[in-house]
Amino acid sequence: MSKKSQDLHEMEERWRAFWLEDGTYLYDSSRGRDETFVVDTPPPTVSGSLHIGHVFSFTHTDLIVRYKRMQGLNIYYPMGWDDNGLPTERRVQNVFGVRCDPRLPYDPDLKVEFGREGDVIPISRKNFIELCDIVVQEDEQKFLELFQRIGLSCDWNQMYATIDERSRYVSQLSFLNLLDKGQADHREAPTMWDVDFQSAVAQAEVEDRDKDGMFHKIRFEVEGGGDLVIATTRPELLPACIAVVAHPDDERYKDLFGKKAITPLFKAPVPIIADEKAEPDKGTGILMVCTFGDATDVEWWRQLGVPAREVIGRDGRILSAEWGEGPWESNDPGSAQAHYDKLVGSSINQARKSVVELLEADGATVGEPEHIRRPVKFFEKGDRPLEFVVSRQWFIPVMDKKKELIEQGRKVEWHPAMFLKRYVDWVEGLNQDWCVSRQRYFGVPIPVWYEIDSEGNIVYDKVLVPKKADLPIDPSSDAPEGFTEDQRGKPGGFTGDPDVFDTWATSALTPRIPSGWPDEMERHLKVYPTDLRPQAHDIIRTWAFVTITRSYLEDGSIPWHHAAISGFVLDPDRKKMSKSKGNVVLPTDVLDEYGADAVRYWSASGRLGLDAAADPNVFKEGKRLVTKIRNAARLIQGYEGEGGPPTHPLDLALLSRLRHVVQEATDAWESWTHSIALERVETWFWSDLTDNYLELSKSRAYAGDPSALGTLRTALDVVLRLFAPIVPFVAEEVWNAGADEPSSIHRASWPKPDELPESENANATFHNVVEVLTEVRRAKSEAKVSIKWPVERLTVYCNAPDRLEFVRSVSADLIAAGNIKNLELKAEDKGQNEDDFLIEVQLAESQE
RNA sequence: GGGCGGUUAGCUCAGUGGUAGAGCACUGCGCUUACAACGCAGGGGUCGGCGGUUCGAAACCGUCACCGCCCACCA
């Protein structure tokens with residue numbers, strides 16, 4: 001690291017320490033709701049890797065917060081860590097080489113090394129959770145360091161984690177409230193299921209992936225003669241077939257409705273039914289309904305009201321069955337059993353192959369299988385397609401509340417507004433209630449027990465709930481009221497719900513976790529509903545949706561007034577970053593190279609909602625700005641003498657133009673377009689101040705002219721405050737230069753236009769003098785001489801005398817800045833257009 | 001299949017009806033007492049295509065193309 005980079009990092013570290021010690025960013029609980037700005041911060045998944053995308057979106061939040069703080073608002077900006085759930089479990093499995101087996105007893109002496117390799121060790125649930133706790137502590141520390149490094153102005157005393165006691169309390173309490181209100185129920189039903197993780201998943205966690213498959217055509221006989229051909233990509237579900245369906249208007253099959261088809265191999269008679277959901281032009285136009293191939297199968301199964309034939313188990317292997325009994329109806333149970341037994345225990349892929357072979361041997365296939373590419377549903381974190389498996393799960397009903405939830409979404413102001421549409425589309429497209437239970441270990445336990453009857457059967461209708469005062473509880477180690485632990489799992493006793501909540505069921509409550517809800521309502525109401533929910537657009541369907549839903553169900557509220565949506569970060573070539581492509585930009589790398597302010601500058605230049613490229617040029621630009629601010633400040637702060645009110649026309653022009661920048665920047669912040677605020681301030685700083693004014697004002701400033709000195713100091717003071725939300729470190733450094741007792745710029749007030757004078761002639765004065773000065777520079781550049789080379793004679797001709805007057809009013813500054821020996825301003829027509837300037841520059845013969 | 005964005009200089013992006021912009025990259029000059037981690041000057045664009053509205057369109061309307069994202073019952 002170079003010396004200068006080191007200085008930069010030391011400077012940042014110094015202010016980081018000062019802000020913590022000074023309490024610059026602490027929430028003041030004594031101030032009222034209307035003077036407080038509250039952020040419902042996204043708790044990042046700490047078991048994921050640190051990503052430049054975190055820096056981008058969290059900086060967006062911090063920009064807004066810093067602006068609001070300078071507007072005089074009391075800021076409530078907590079930070080949460082999302083450690084709950086599958087990502088942590090996966091990481092523990094990987095770094096310790098273990099897996100959770102809940103049947104095993106707790107081993108208090110278990111020792112496993114971080115990063116150990118070799119055989120995977122099965123461990124008890126309690127041991128597993130202990131390892132999870134170790135891992136999340138480390139991960140949280142890394143995120144904390146990163147976030148402090150980029151200068152997030154959180155109140156670090158307001159930290160929480162989604163697995164901590166407070167979160168478990170809030171999560172369980174809110175769930176019990178829903179249960180009281182009849183807004184949560186459990187049922188045994190076909191649910192989307194990941195066969196690797198062996199857990200239910202919710203609609204929001206599902207994604208389509210295009211996969212290759214084979215279309216197999218299978219001949220079914222029809223009772224009473226004839227046959228029909230079904231095309232399917234999932235022949236392994238043939239034993240689970242409970243009906244075949246065609247469109248009611250389909251001439252090919254019209255005569256078959258009401259009859260029965262006989263499945264090949266298993267000889268099961270199944271009804272041929274008509275339904276408009278069958279599309280004549282897909283496959284052969286007639287399809288088999290299996291328990292369960294997809295969500296439509298589930299619907300048809302419900303309509304038919306027949307028992308399911310479950311063939312796929314929770315582990316993704318084929319279950320055993322007794323053909324000829326119960327739902328396993330067959331015209332030839334013996335041969336059905338013989339065929340089926342060849343499948344039992346095999347994986348889905350193996351079973352598919354076996355069924356095809358059996359069908360071919362039986363002559364039940366038609367033609368060659370055709371290749372097809374089609375979307376297949378996956379758990380977003382999973383590797384194998386989802387299956388529909390019957391299991392008992394807890395749901396929060398949302399299908400009957402779409403209208404209300406859309407209405408709630410409309411009450412929120414979305415920035416940019418287009419994301420409201422994405423929210424509405426998602427809610428409108430919901431096709432199932434929210435499944436909140438997961439068959440996992442590291443999560444918030446579902447706080448209920450069930451009674452066991454005298455026969456030893458679990459009576460799911462008899463739900464035992466804890467007293468709210470006892471929360472949080474773990475039903476696998478705590479006993480319900482009226483029972484003792486030795487009655488667990490015994491007839492006449494109880495059993496705990498074995499599952500945990502979906503991570504989102506807890507994350508949905510982030511506005512209530514740090515607020516003190518519901519026990520400290522006075523405090524809660526000072527920070528709820530919150531003002532701002534910042535988040536990225538990918539989790540509108542999850543986090544935004546679930547938060548709006550839970551707030552509505554809890555007390556009819558909206559959780560936040562504004563939602564600010566950040567885009568994604570793409571690599572410098574605008575491609576998606578991924579570890580496999582090796583194009584990942586690490587936040588620590590760019591922070592090392594360019595510094596926190598420069599990285600924040602890059603974030604601030606990205607508009608809300610738009611994806612941004614991690615472009616090194618923009619980081620560089622930011623770093624250049626930081627250097628420029630320090631250098632400009634060094635010049636201004638180095639001048640000696642008393643400053644006074646601005647009286648000189650150029651000084652009035654500069655400050656008047658700054659006055660308009662203050663207004664424009666404020667308007668931009670107020671309309672959630674921080675990138676425009678940055679652009680306006682930066683243009684003024686670079687072009688007006690450093691390129692031109694600092695040069696033009698030098699002679700007067702060195703001479704101690706009070707108007708120039710006052711102007712320079714005011715300009716610096718104001719522009720630092722305009723820059724402070726974006727580059728907080730250098731702004732603080734320069735603000736406190738030479739001060740014995742630092743006083744944070746971040747507690748200073750946002751500039752107001754009224755602090756600055758307004759001059760009618762500001763733009764004319766500035767533009768005219770700059771035009772002349774630029775021409776002088778051009779002449780010197782063309783003559784290939786240095787910028788300080790003397791000008792023997794500068795003549796400006798113009799037909800418009802008032803234009804020349806503006807130049808004349810600041811001619812002394814112009815003469816000094818251009819090193820001009822003789823300046824002549826002539827109201828003469830030299831053939832130039834209208835009132836254009838015609839500028840003649842006669843350079844001196846020598847540099848003397 | 002439906003929806004939402006985007007398309008402006010080699011690159012990353014501003015620019016919502018009035019003479020096409022910035023930074024980087026490129027070329028030339030310059031160490032000038034704030035700044036060589038820099039400054040000054042310069043070259044570079046049929047604003048994705050077509051049609052329309054208008055005195056005037058990068059901008060407004062229509063349409064098409066391409067890129068990206070979101071969603072959709074996987075036969």
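Note that this is a predicted model, so its numbers are computed, not measured.
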Of A:I676 and A:K620, the one whose nearest nucleotide on RNA chain B sits closer to the 5' end is A:I676

Short heteroatom pairs, N/O only, protein and nucleotides 65-69 of chain B, under 3.5 Å:
unit_1: B:C69; atom_1: O2'; unit_2: A:R422; atom_2: NH2; d: 3.4

Is it true that A:E733 and A:R630 make a salt bridge, defined as a side-chain N closer than 4.0 Å to a carboxylate O? yes

Do you know which two heavy atoms are closest between A:K377 and A:D208, and how far apart they sit? NZ-OD1, 3.3 Å

Any Lys/Arg nitrogen of A:K421 or A:D425 sitting under 4.0 Å from an Asp/Glu carboxylate oxygen of the other? yes

Output every pair passing salt bridge (Lys or Arg N to Asp or Glu O under 4.0 Å) with a member in residues 595-615 of chain A, not counting sequence neighbours, ordered by first then second residue. A:D62-A:R600

Output yes when at least one side-chain N/O atom of A:W686 is less than 4.0 Å from OP1 or OP2 of B:G39, else no. yes

Under the ring pair (Phe, Tyr, Trp, His ring centres under 6.0 Å) test, residues paired with A:W301 that sit two or more places apart: A:F292

Polar side-chain atom of A:N692 near backbone of A:S687 as donor-acceptor pair, under 3.5 Å: yes

Considering only NZ, NE, NH1 and NH2 on the basic side and carboxylate oxygens on the acidic side, decide whether A:R209 and A:E207 come within less than 4.0 Å. yes

Detail all sub-3.5 Å separations between protein N/O atoms and N/O atoms belonging to nucleotides 16-22 of chain B.
none

5' precedence on RNA chain B between A:D208 and A:T284 (nearest-nucleotide basis): A:D208

Can you tell me if the side-chain N/O atoms of A:R373 get under 4.0 Å from OP1 or OP2 in B:C74? no

Could you go through the side chain to side chain donor-acceptor pair (under 3.5 Å) check for A:H60 and A:S566 one step at a time? CA-CA 8 Å; A:H60 285 167; A:S566 294; 2.9 Å; yes

Can you tell me if the side-chain N/O atoms of A:N431 get under 4.0 Å from OP1 or OP2 in B:C73? yes

How would you list all residue pairs meeting salt bridge (Lys or Arg N to Asp or Glu O under 4.0 Å) that involve residues 696-705 of chain A, not counting sequence neighbours? A:D651-A:R700, A:E695-A:K698, A:R700-A:D705, A:R700-A:D813

Distance below 4.0 Å between A:Q203 side-chain N/O and B:A72 OP1 or OP2: yes

Which protein N or O atoms sit under 3.5 Å from an N or O of nucleotides 28-31 of chain B?
unit_1: B:G28; atom_1: N2; unit_2: A:S781; atom_2: OG; d: 3.1

Ion pair check, A:E299 and A:K277, cut-off under 4.0 Å: yes

Check this one for me: any side-chain N or O of A:R634 less than 4.0 Å away from OP1 or OP2 of B:U33? no

